[in-house]
Amino acid sequence: MYSVEFDRPATLEAALAGLKAEDAQALSGGQTLIPTLKQRLAQPSKLVSLTAIPSLQGICVADDGMLCIGATTTHATVAAEAGAHYPALARLAAQIGDPAVRNRGTIGGSLANNDPSACYPAAVLASGALIRTNARDIAADDYFEGMFATALQEGEIITEIRFPIPEAAAYMKFAQPASRFALVGVFVAKTAGGVRVAVTGASEEGVFRWGAAEEALSADFSAGAIAGLSLPADDMIDDLHGTPDYRAHLVKVMTGRAVSAAQ
Amino acid sequence: MPKDHGIGAPSKRREDVRFLTGQGRYTDDINLHGQAHAVFVRSQVAHGRLNGLDTTAAAAMPGVIRVFTGADFAGVGGLPCGWQVTDRHGQPMQEPAHPVLAQGKVRHVGDPIAVVVAETLEQARDAAEAVEVDVEELEPVLDMKAALSDGAPLVHDDLTSNLCYDWGFVEENREAVNAAFEKAHHVTKLELVNQRLVPNAMEPRVAVGDYNTGTGDSTLYTTSQNPHVIRLLMGAFVLGIPEHKLRVVAPDVGGGFGSKIFHYAEEAFCTFAAKALRRPVKWTCTRSESFITDAHGRDHVTRIELALDAEGNFQAIRTETHANMGAYLSTFAPSVPTWLHGTLMAGNYKTPLIYVNVKAVFTNTVPVDAYRGAGRPEATYQLERLIDKAARELGMDPIEIRRRNFITEFPYATPVAVEYDTGDYNATLDKLIEIADLAGFDARLAESKARGRLRGLGINCYIEACGIAPSHLVGQLGARAGLYESATVRVNATGGLVVMTGSHSHGQGHETSFAQVVADMIGIDENMVEIVHGDTANTPMGMGTYGSRSLAVGGSAMVRATEKIIAKAKKIAAHLMEASPEDIELKDGAFTVAGTDRSVAWGDVTLAAYVPHNYPLEELEPGLEETAFYDPNNFTYPAGAYACEVEVDPETGKVTVERFAAADDFGNIVNPMIVDGQVHGGIAQGIGQALLERAVYDEYGQLLSGSYMDYAMPRADDMPFFTVDHSCQTPCTHNPLGVKGCGEAGAIGSPPAVANAVVDALQRAGHASVTHIDMPLTPARVWAAMQG
Ligand SMILES: Cc1cc2nc3c(=O)[nH]c(=O)nc-3n(C[C@H](O)[C@H](O)[C@H](O)COP(=O)(O)OP(=O)(O)OC[C@H]3O[C@@H](n4cnc5c(N)ncnc54)[C@H](O)[C@@H]3O)c2cc1C
């Protein structure tokens, strides 16, 4: 790690001010950023920790029925506390990494990072959640812009994620054998407005919605409904853990399993 | 009733008290006054010509003491290879130089080019980034077969090709073997890859060099399995330091699995730099660095054939293996695909004719050397996969075809130059059938099927050659070292004793099991025995720990030294009781005159030895300390039978190991709990190889699986509960303890069991064309195999 200045403000305003410094970077759970720094793959001038800001923490249900999760809420807290409102989301959080990662890593950090194999992006996109930042609300459909790319501007901080709670939902993750991130993860959410299917781990373009499956499942919410579909392998990731064909196949299998689990 | 102490007792591992309470003292825990820190600048390309190196900027950075380059090592010897293989034509292998720091060329990603030594580790890191390396990239040599083709770029410009050796074994059998294939009733063929593995010891390598300006003595603290070997190799061949001026200390070591046998550049560097700078120099490997510098394991590509008669009797075996040496010859690399592999190709079977051909190849990859099992897992995997395939082709039961071909009479001289002293392969197979509950398999198969899972059963046998090794024999085979072991037993006046052993424990529990042996021989409490190892300053010259040799060879030396102690102690006791030494019996720590009730305690005798007031000084020296060296006259041959049951998810190809059973014959057992643990660890490593682990290079020679994000290590939840048994015991006939060694068996015996089980599962599910899937049997590979 290169030496770096460290700041841990207690208010959002102070954090935003701190992030104005050249090459300053937000730090949340550090489960992605700290390993990157230790490998000397990044050299921020200053780290602004968000974890001492009370308004960014915790889980509640808003008057409009949305499940609101503060950006610095850890995976472990989501796993333990979101279950009463949104069981599929809690189960997803419980499958991220190991206990140490879950006790430090946060939902905001995961979404800001937008790793193409991360789990939360699938939940956010399938749920049609809102990403609330210090400046605006961003709809999930507008937020994810490809591998490690998001709609966030320089210095913009995610403050909260607001999930509409679906009628039924489930996440199915097929773990990459080494990292145990998603080799393919599929989140299926059945809402009043139709079924949404979001896929992580599979595509060169990052998390995406599988339109054909959504259409078929909106008409008939059963695993059999997607039997006749096949996902083109063109944009799928090719690496030592799986070919594009294999990933495309897994998307279908995991979608079917998620639908069955959501029944 | 299991024993509660001494040989055969499951004594708790005494060393675990310090390991589990954070009080182990590992090399990285050693910080010497005034120490400086070394960071290596390493090649980022697989193959390149070093056109220039500019260290000016780095040298001027804060805290930098000196930047070393290859030029500093121009007058220093290279890292030696400890084994010379002679090829099919009677010629010595091609043996390239292995410089401490690159000279003119870099040959793999990770090859050391320069070293920055600075006051702090962070300063050394900063400056290492400022060293400017001018490398002209050359086409890398990666695929072994392409490496041998005409016009392939040369890894070493001064060699005639990338072929290290073309070895034939036994060369005289070549024609007879070919003839047997000509007239065989049936020939089964298999091509397979035994993939490259990264050892991944929990503790990365560390070296701390120190130089005493007052005495002119050098000391190296290092993560080694064999400190005396390092002292000899580094002192005599690299740095020119006589052994009496060089001390090598390997304190607590957190796992080795072979990777810490070898002499590495970083050890020589720290010792050299400490003297040059007149201050201690420390280097601690990062995990990323260990992926590209620790010697890798396996990496064989093999074609194997088995000739059978109509009844399924094995007639002949023929193999051709390409073995990757990597960019340089690591310390024992040439011996692994030859003498540790070819000699095991008979397995547990009486095949009369065997011919093994091995082509060892240089490539622009990390050097490959011994890794848990070393050559023997490769031999076992080939043979046991092949036998399974043959059984299927002939419609025979996989157990029946093995039994039919078992060696049943001992000693048995194989056609591949070794003589098995003893064994009972039917006994371990019978035991396996019982403990694996093979009778219940059909019910479990039906139950899996009801859940939509494919179940498969894999069986195999294994044999290995351990207790390495008879020096006269390995000398003929090209070893440049002897492979005896040593022990000094030092009895103290008050009766406690210390055993100084040349073996080295890095997780095996020697401090417990060795103490059990000596305590049992004398009849005293285990806690009166202390085991000391790992420091050339206070242990006799020993060859260290690998090849499951510690108890069989090191333990035998300890027994011999203890026998000398007992013989002398009896003379002292005889004097004290005014009896004849021949009439003295030692039992439960007391010396008795046979047939009388006259006795003296162990402590009376030890006290007399050091306070010799009433003592036969004319005939006997005072004191009670003896040393013995033991050189085995044969290898030991642990053997056994393993069974694995897997489930395959037919939609995803994911394999889960549901049951695993191991029936081993390790001869006599000193500590059954430690043996269980060794087998558990070995099986876990074997399952890791079978299902998860794989070092992968891309076409540029970059290691794609260079971190735990992509290199899949086995974890607890990848494992079933193991059923292990070592009640079948045919004691070794030629060492005093009758022990055979258990450290590698699990890793040798388990990969074929897993692979056989997966193929069985797919076959049962109607995938008739799937006769083999290469390891690791990842979900993606198994799924692809099912697609046909
Ligand atoms: C061993 C291991 C296993 C893992 N397994 C999984 C897995 O199975 N599935 C999975 O999804 N993830 C996994 N992860 C990743 C983990 O979930 C991380 O916690 C997460 O990706 C990042 O969250 P963080 O809070 O740690 O963010 P940090 O590392 O602190 O930050 C990550 C990035 O986000 C930025 N950032 C952080 N918070 C904000 C914010 N509020 N607003 C704007 N930018 C912000 C930072 O500047 C940085 O660029 C694993 C990680 C590890 C180490």
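Keep in mind the model is a prediction, meaning the values are calculated, not measured. Within every chain, numbering begins at 1; the chains are lettered A, B, ... in the order of the sequence lines, protein sequences first and strands thereafter.
Interface residue A/Leu240: backbone and side-chain heavy atoms are both found under 4.5 Å from chain B. Looking at B/Met709, both its backbone and its side chain come within 4.5 Å of chain A, counting heavy atoms on both sides. Within the 4.5 angstrom heavy-atom criterion, only backbone atoms of A/Met1 (N, CA, C, O) approach chain B.
Annotation: side-chain contact (heavy atoms from CB on, under 4.5 Å) contacts of A/Asp23 (sequence neighbours excluded): A/Ser45.
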Enumerate, by atom name, each donor-acceptor pair separated by under 3.5 Å where one atom lies in chain A and the other in chain B.
residue  : atom : partner  : partner atom : Å
A/Tyr2   : OH   : B/Glu129 : OE1          : 2.5
A/Tyr2   : OH   : B/Glu129 : OE2          : 2.9
A/Gln39  : OE1  : B/Ser288 : OG           : 3.4
A/Arg40  : NH1  : B/Asp126 : OD1          : 2.9
A/Arg40  : NH1  : B/Glu129 : OE2          : 3.1
A/Arg40  : NH2  : B/Glu122 : OE1          : 3.0
A/Arg40  : NH2  : B/Asp126 : OD1          : 2.7
A/Gln176 : NE2  : B/Met709 : O            : 2.9
A/Ala178 : O    : B/Arg715 : NH2          : 2.3
A/Ser179 : N    : B/Met709 : O            : 3.4
A/Arg180 : NH1  : B/Asp717 : OD1          : 3.2
A/Arg180 : NH1  : B/Asp717 : OD2          : 3.0
A/Arg180 : NH2  : B/Asp717 : OD1          : 2.8
A/Arg180 : NH2  : B/Asp718 : OD1          : 3.4
A/Arg180 : NH2  : B/Asp718 : OD2          : 3.4
A/Leu240 : O    : B/Arg694 : NH2          : 2.8
A/His241 : NE2  : B/Asp710 : OD1          : 2.8
A/Tyr246 : OH   : B/Thr652 : O            : 2.5
A/His249 : NE2  : B/Glu651 : O            : 2.6
A/His249 : NE2  : B/Trp783 : NE1          : 3.0
A/Arg257 : NE   : B/Glu651 : OE1          : 3.2
A/Arg257 : NH1  : B/Asp649 : OD2          : 3.0
A/Arg257 : NH2  : B/Asp649 : OD1          : 3.1
A/Arg257 : NH2  : B/Asp649 : OD2          : 2.9
A/Arg257 : NH2  : B/Glu651 : OE1          : 2.7

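Nearest heavy-atom pair across B/Pro779 and A/Pro177 is CD-CG, 4.4 Å.
The 12-atom threshold is not exceeded at CD of A/Glu22, counting heavy atoms of other residues, nucleotides or ligands nearer than 6.0 Å. By the neighbour-count criterion of 12 heavy atoms within 6.0 Å, atom CZ of A/Arg209 is densely surrounded, having more than that number from other residues, nucleotides or ligands.
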